[in-house]
Each structure stands twice: as structure tokens, then as C-alpha cells.
Amino acid sequence: MNRLKELRNEFGFTIRDFEEYHLGRNVITYIENGKTDVNFEKLSIFCKIFQVSADYFSGLCDEGIYVNYQDTIYSLNRDNFLKYKQLGFINYESNKRILVLPNNYEISFLLPTIKLIEIIKKD
């Protein structure tokens, strides 16, 4: 499983938008339909375009959606990302996810060794 179609929809990309990366329509369609595997080169391209981890793109985990917050890149899991997007905390600038928090919110680290975060209301 891969999340190419989901990510394409999130960013508003058409199949033709990948031509600049030398990825033809057939390649995108085959990947989305599970008719071909994604090689390392293509996986790297997709992860860079959509700012996700390889494991997230491949559907191996739900963590690895990257957002920029105050010039630092943090990681969100899928559930939190969808929740924060619905709350309006996720904006897009130049095809990059930007985390924008109201003054009464801050980030909190879920694990001390990686930048996987959640958003909490300040006391």
C-alpha cells in the first residue's frame, strides 16, 4: 500500500504535475493502483515532494508527516495531523505544510529522542 493518491489530493497535484520530476502518467497510475512497486529513487522523490517519511508513504506506519513550525521541522502522526488540519492549525505555503498555532497552544514532544509532537493547550 502507498499513500500517493491521498498525498496528491492533499497538495492538489494532478498526475501531470509529476512530469517535471520525469514521472509519467502511467507510472503514477500504476503506483496508485498497486500494479508496480516504488523503487528507491521514486520513493525519495515522493517523500521530498510531500514531506513524509518513507515508512509513512509506503503505508508501513502512521507517523512521519512533517510540518514546519517556527523554522524547525517536526513530525506528526496521521491522526494528529488530520485533527490539527481540521482545527485550522495546518497551512500550506509553497507546497510546504506550516504549523500555525494560536497563542494559547504550544507543542509537546511525545518522545524525547525524536521530534514527534502533539499540540496542547497552555495552562
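Rounded to the nearest 0.5 Å, atoms OH (Y74) and OH (Y69) are 8.0 Å apart. One finds the CG atom of L76 at 10.0 Å from the CG atom of L82 (value rounded to the nearest 0.5 Å). Between atom CG of residue N9 and atom OG1 of residue T14 there is a gap of 11.0 Å, rounded to the nearest 0.5 Å. In this structure, CZ in F57 is found 13.0 Å from CD in Q51, a value given to the nearest 0.5 Å. Within the model, atoms OG of S58 and CG of L43 stand 5.0 Å from one another, a figure rounded to the nearest 0.5 Å. Between I117 atom CD1 and E106 atom CD the span is 11.0 Å, to the nearest 0.5 Å.
Two different hydrophobic clusters hold I90 and V100 under the rule that ILVMFWY side chains link at heavy-atom gaps under 4.5 Å. Linking Ile, Leu, Val, Met, Phe, Trp and Tyr residues whenever their side-chain heavy atoms come within less than 4.5 Å places L7 and V38 in a single cluster. Follow the hydrophobic side-chain contacts under 4.5 Å out from F13 and you reach V27 in the same cluster. F109 and I119 fall within the same hydrophobic cluster, defined by Ile, Leu, Val, Met, Phe, Trp and Tyr side-chain heavy atoms under 4.5 Å apart, directly or through other members.
Side chain of N39 to backbone of E41: a donor-acceptor contact under 3.5 angstrom is found. Looking only at distances, no side-chain donor or acceptor of R25 sits under 3.5 Å from a matching main-chain atom of I15. Between the R97 side chain and the Y66 main chain, a donor and an acceptor come within less than 3.5 Å of each other.
Pairs passing the ring-ring contact (aromatic ring centres under 6.0 Å, His included) check and including a residue from residues 22-41, sequence neighbours excluded, do not occur.
Annotation: cation-pi pair R3/F46 absent, no NZ/CZ under 6.0 Å from the ring centroid and within 45° of its normal.
Salt-bridge annotation for R78 and E63: absent, with no side-chain N of the basic residue lying under 4.0 Å from a carboxylate O of the acidic one. For E32 and R8, the salt-bridge test passes: some basic side-chain N is under 4.0 Å from an acidic carboxylate O.
Crowding of K122 atom NZ: a count of heavy atoms from other residues, nucleotides or ligands under 6.0 Å exceeding 12. Within a 6.0 Å sphere centred on CG of D37, other residues, nucleotides and ligands contribute 12 heavy atoms or fewer. Within 6.0 Å of NZ on K5 lie no more than 12 heavy atoms contributed by other residues, nucleotides or ligands.
With a 4.5 Å cut-off on side-chain heavy atoms, E93 and I98 count as touching. Looking at Y84 and I65, their side chains never come closer than 4.5 Å, going by heavy atoms from C-beta outward. Inter-residue side-chain proximity for L101 and I107 is flagged as met; some heavy-atom pair is nearer than 4.5 Å.
The aromatic rings of F11 and Y92 sit perpendicular, their planes meeting at an angle over 60°, well past the 30° parallel limit.
Two rings, from F50 and Y56, have their centers 6.0 Å or more apart. Residues Y105 and F89 bring their aromatic ring centres within 6.0 Å.
E118 pairs by the salt bridge (charged side-chain N to carboxylate O under 4.0 Å, His left out) definition with nothing, not counting sequence neighbours.
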